[in-house]
A.B. asks: 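Could you have a look at this structure, given as structure tokens, before my questions?
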Amino acid sequence: MKILIHGAGREVGRSCIEVQSKDGEFLLDCGVKLSVGGMEYPTRTDTKNIDAVFISHAHLDHTGCLPLFDHQGLFCPVFATPMTKAITKILLLDSFEIEMAERHGDVAYKKRDVERIGESIITVSYNEWNKIHGIEWKFYDAGHIPGSSSVMIKTEGKTILYTGDINTEETLLMQRINDNYDEPIDILIIESTYGNRSHPERSKTEEEFLNLVEEKIKQGTVLLPCFAVGRAQEILLLLQRRKWNEKIYVDGMAREVTELLLSHPNTYKNPAGLRKAYNSAMQIRGSHDRDSIISRNEKAIFITTSGMLDGGPIVRYLENFCNNPNVSVILTGYQVRDSNGRMLVESKKIRLNRRTVDVKCFVKQFDFSAHAGMEGLHALIKKISPKTVIINHGDEAEAEDLGKFCAKMKIKTFVPKTGEVIEI
Ligand SMILES: [Zn+2]
């Protein structure tokens, strides 16, 4: 059997791993890497001989290459949970529209590819064995975002677990990962986003965040860039803990995805709380609405996308507010290398309309991760105790350090680069 790392090898982004066995060629995720320089695709984009694609969750770094595959003639089934399918359809279309605008129509695939691949995803529930081309496979709840899964595959007498993105702790929105696997696992392919770092205690982070928003709103508008899926809803729920005299606005994909989640209340914790939080906030619908609110110059809290400042309505807010020292930009999540958000945190500059500009706003980043921290990853690896581990979805140092931990436990360990092939 071979495992081919087409992406996310010693990097975060373009997750795409191929399992090649006597039963066929199977892809685990099919993502893109979004960075300031543009979009990077997996090292395999030809679709010949692929027998099935399993999608762990809806984030673009796990799904964004699906339309390109469709364009190249992907005919095999693509499997995901119903929630992953629903969110993927929204995110792919949004990403296509952003790409079209940024590249003046020069995108490698068409809107019909985006629509066709979204519609064609076959939905499968958690915890049920399925069969295709001689392999057996099953999705487990990964606790990362609504619909997220780890994928278990049995082929050539071996059991493989691809974790996808996982959270081993519960959050205000999500239950923790379901790690009650009903098979011993031979080969574990595990994410390593926080492979060498612990998260601060969640409850402390939540209180610090609320205190800071309370302090900063006295001076001026507070911008809360959030990932559309999961984080925006978690921040909405969190803000409910305090009383606010100012309005809370929800904008862009944060609004769209929240509305989608409200119509699928069985895919996360506390749907009643989310409904209450959303109803008590104001919704911004479109650029006309947004511009008129911005022009009123009122002090308010804005929950909007994108979480790493690489597009979406947040760009419009920053265009207007970047020179205002009374405005605060409070980042609520991980900022990948080469993202606008990472640049803001490291140098107080961002790229706006192809120019690099200074940001005079107050800037602070909070660690509200939807990924397991180092202790969570260690505990999971110990619990599973696989024969072989393949580390992916982490920057160089994070992936390597998690690899060292596994090697110490006498597990056969690989920390492959993108493009590498592992023979099992
Ligand atoms: Zn993710």
Side-chain angles (χ1 to χ4, degrees), residues 7-9 11-17 27-35 39-40 42 53-66 80-81 83-92 94-95 139-151 161-171 173-178 189-195 197 199 225-235 253-254 257 260-261 267-268 305-308 310 312 331-337 339 341-342 367-373 376-377 380 391-395 398-399:
E11 62 178 346
V12 175
R14 56 170 168 168
S15 283
C16 184
I17 291 178
L27 287 190
L28 298 161
D29 285 335
C30 188
V32 290
K33 187 169 181 176
L34 305 164
S35 56
M39 226 179 235
E40 287 176 67
V53 181
F54 303 97
I55 296 296
S56 68
H57 66 288
H59 281 150
L60 289 171
D61 57 331
H62 298 258
T63 59
C65 201
L66 283 171
T81 62
M83 199 62 215
T84 295
K85 176 175 181 172
I87 304 169
T88 297
K89 281 163 66 177
I90 296 183
L91 294 190
L92 288 181
D94 179 63
S95 144
F139 282 146
Y140 287 86
D141 189 343
H144 172 61
I145 58 168
S148 64
S149 318
S150 299
V151 191
L161 183 78
Y162 169 63
T163 63
D165 293 359
I166 44 175
N167 198 353
T168 51
E169 301 291 328
E170 69 175 313
T171 67
L173 188 75
M174 301 296 300
Q175 300 287 3
R176 73 182 293 279
I177 185 175
N178 170 12
I189 306 171
I190 189 168
E191 69 128 313
S192 57
T193 320
Y194 287 82
R197 278 173 296 151
H199 295 305
C226 289
F227 306 136
V229 187
R231 190 61 35 79
Q233 296 78 35
E234 192 183 344
I235 294 298
M253 293 295 290
V257 174
L260 177 74
L261 294 196
T267 57
Y268 54 95
T305 48
S306 73
M308 296 191 202
D310 287 322
L331 297 156
T332 59
Y334 179 75
Q335 304 296 317
V336 75
R337 182 168 298 158
S339 65
R342 176 77 81 99
D367 178 359
F368 282 110
S369 185
H371 290 269
L377 292 170
L380 187 67
I391 312 282
N392 85 325
H393 198 291
D395 284 332
E398 283 78 358

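Ligands are counted one by one from 1 in listed order, and the atoms in each one are counted from 1 as well. Not measured: the values here are computed from a predicted model.
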A.B. asks: Can you tell me if D165 has an N, O or S atom under 2.8 Å away from the Zn ion (ligand 1)?
C.D. replies: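 Given the 2.8 Å cut-off, D165 counts as a ligand of the Zn ion (ligand 1).
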
A.B. asks: Could you tell me which non-hydrogen atom of R337 sits nearest to which non-hydrogen atom of R342, and how far apart they are?
C.D. replies: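 In terms of heavy atoms, the two residues are closest at N-NH2, 3.5 Å.
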
A.B. asks: For the Zn ion (ligand 1), decide whether H62 has an N, O or S atom at a distance under 2.8 Å.
C.D. replies: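 No, outside the cut-off.
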
A.B. asks: Classify the ring geometry between H62 and H57 as parallel (under 30°), tilted (30 to 60°) or perpendicular (over 60°).
C.D. replies: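 Plane angle between 30° and 60°, so tilted.
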
A.B. asks: Using the Zn ion (ligand 1) as the apex, give the angle to atoms NE2 (H144) and ND1 (H59), rounded to 10 degrees.
C.D. replies: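 My answer is 90°, to the nearest 10°.
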
A.B. asks: Show your working on side-chain contact (heavy atoms from CB on, under 4.5 Å) between I166 and L377 and close with a plain yes or no.
C.D. replies: CA-CA 9 Å; I166 44 175; L377 292 170; 4.0 Å; yes

A.B. asks: Check all N, O or S atoms of H57 and name the one closest to the Zn ion (ligand 1).
C.D. replies: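 Of all N, O or S atoms in H57, the Zn ion (ligand 1) lies closest to NE2.
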
A.B. asks: Strictly by modelled atom types, are H59 and H144 linked by a side-chain donor-acceptor pair under 3.5 Å?
C.D. replies: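 A donor-acceptor contact under 3.5 Å links the two side chains.
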
